[in-house]
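Step one of this worksheet: look at the structure below.
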Amino acid sequence: MKKIIELITEELAEAFVQAGYDKEYARVTLSNRPDLCEYQCNGAMAGAKRYKKAPIMIAGDVAAKLGESRCFEEVVAANPGFINLKLKKEYVAEYLNQMGAEEKLGLEESEEPQTIVVDYGGPNVAKPLHVGHLRSAIIGESVKRIARRMGHQVLGDIHLGDWGYQMGLIITELRLRKPDLPYFEEDYQGEYPAEAPFTIGELEEIYPTASGKAKEDEEYRKEALQATYLLQNGHKGYRAVWQHIMNVSVADLKKNYERLNVHFNLWKGEADAQAYIPDMLEWMKRDGYAHIDEGALVIDVQEETDTKEIPPCMIQKSDGASLYGTTDLATLIQREQDYKPDRIIYVADKRQDLHFLQVFRAAKKTGIVPEETSLKFLGFGTMNGKDGKPFKTREGGVMRLENLIGEIEDEMYKKIAENRTVAREEAQETAKIVGMSAIKYGDLSNQASKDYVFDVDRFTSFEGNTGPYILYTIVRIKSILNKYQAGGKTLEGAQIEGAHNDSEKALMLEAVKYNEVVETAFEELAPHKICAFIYDLANAFNRFYHETKILAQEDAAKQKSYIALLVLTKRILEDCIDMLGFEAPERM
Ligand code: ARG
């Protein structure tokens, strides 16, 4: 469906032309004086010079042509030259009914669906998943869902950090503890055991222990570096240990992401890119893209228009080791080969922006990625505690994801159990669902690039701009619809009539924005625009609810129209929270 603002603009364009003016002046926006009108057009002011006429005269001419319009109930030319517009109630209702008749609520899918890879999550294997990775998972999942809703073919790739120094640390510590394991035996010829020599619990203890030791003990650090080197260069036993680490951690990661309702299509990682590196380095040298700079192999990425210095992208250290940039470039080769994406979106901490700028430029310059492919970095800010510093546990450590989710769920459970009579189990289930909305909405309602304060009290509140408030609104609608049906009436065939009161019209005017909001959220990769929209929609609904007799309405036709509006509002809200990555319970 066309966006309502497009339809109104077309209507104005016709009136401008009929009145003898150019249609380019017919731009319509939402009103910034909601007390006076719903939409407005400022084109008369823009056209004054060209037509050598007072803007108010132009506005008046256009308004006169709009008298018969099927869209408008009121058109006012206001000084100095605004055209103030109010939509006909029936027109709005008709638009909403059309939305309701479409499975996708009037959202027009992209005419040229793209293949899009969203690189998000990015946890580092064997290191505990912490709040730093939470944002990437939440934002990336939402971006992925929005892009899918727009009709694109989207692949979510977790891009595991599974090839680094942490692996060498774990191998070193394991060898120290269990030197007799076959992985550490020179010239071992047999099969390695199928079972991992550690549990996830042990693994989580081994990594911090080893990392602590390496910081104190230079010998130990060197050993870990050597182990990393051997692993990366094909040491059989170490590869087998690595595979165990992967199996054990990935199973644990899957559990965690499952709980967050975050789902990846691809569980690839840095390790998968390694196979592409030797060739890549070879042709970069051969074709003169890379050169040696102080022993390291680098690609220059400075461009003439840069106002500041952009250091070269380093792809091999002097000791032969590859780097973060090397892996990301090699991953691009692999993605190009496997999926030929039209667009790749990376969701990571905004402090990585220079890294991605270097990688993107190097990829384009060397032709790893065709010029027309869009490489986009969506950098996010830091999640801070109430003290304004990066979020920590009460004890001062980095909070683990599980604990964070647990804390929110407990808080939610308290609030739900407080004034409810539902069974304990149901309250716990509900606390999980609502808790997820608190975490995700708390994050997504901020523009991604901004830092935000993780405030458990605020995020779990049923009032204000929060996930639980949105869910509360959906549950309220569900409850009304259930009661309506319990009275033996059906939702079938309900059509929305022209608004019967102001708050109903206000709700309708929010609902019609749906397709425009989703499109914009996709274009700008901005889930927070969806949050802002559903907050407005929920507020408009609640105002309508408080001012309107719905279930007690005696006029059956009127009631049925209210019900149709409720059904549609609920669908829109549910559709939007799905794009944000959470869902609503039946009751709360
Ligand atoms: N593992 C990285 C980290 O923890 C994030 C990976 C982001 N994606 C990428 N292709 N570099 O910071």
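Counting starts at 1 for both ligands and their atoms, in listed order. What you see is a predicted model; the values in this text were computed from it and never measured.
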### Message
With a 6.0 Å cut-off on the ring centroids, do F459 and F454 count as close?
### Response
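Yes - the distance between ring centres of F459 and F454 falls below the 6.0 Å cut-off.
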- Message: Looking at R149 and D578, is there a salt bridge between them, counting it only when a charged N and a carboxylate O are closer than 4.0 Å?
- Response: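 Salt bridge flag = yes for R149 with D578.
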Residues K178 and E202 bridged, charged N to O under 4.0 Å
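No, this pair does not count.
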Would the number of heavy atoms belonging to other residues, nucleotides or ligands and lying under 6.0 Å from CZ of R351 be above 12?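 Atom CZ in R351 is not packed in, count stays at 12 or less.
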Residue list, ring-ring contact (aromatic ring centres under 6.0 Å, His included) with Y257, at least two apart or on another chain:
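With neighbours one apart ignored, the set is F264.
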Flag for H263-N261: side-chain donor and acceptor within less than 3.5 Å: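 A donor-acceptor contact under 3.5 Å links the two side chains.
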Would you mind writing out a table of all protein N or O atoms found under 3.5 Å from any N or O atom of ligand 1, naming both atoms and giving the distance to 0.1 Å?
from	atom 1	to	atom 2	distance (Å)
ligand 1	1 (N)	G122	O	2.9
ligand 1	1 (N)	N124	OD1	2.9
ligand 1	4 (O)	G122	O	3.3
ligand 1	4 (O)	N124	ND2	3.1
ligand 1	4 (O)	H133	NE2	3.1
ligand 1	8 (N)	D119	OD1	3.1
ligand 1	10 (N)	D119	OD2	2.9
ligand 1	10 (N)	D328	OD1	2.8
ligand 1	11 (N)	Y324	OH	2.8
ligand 1	11 (N)	D328	OD1	3.4
ligand 1	11 (N)	D328	OD2	2.9
ligand 1	12 (O)	Q352	NE2	2.9

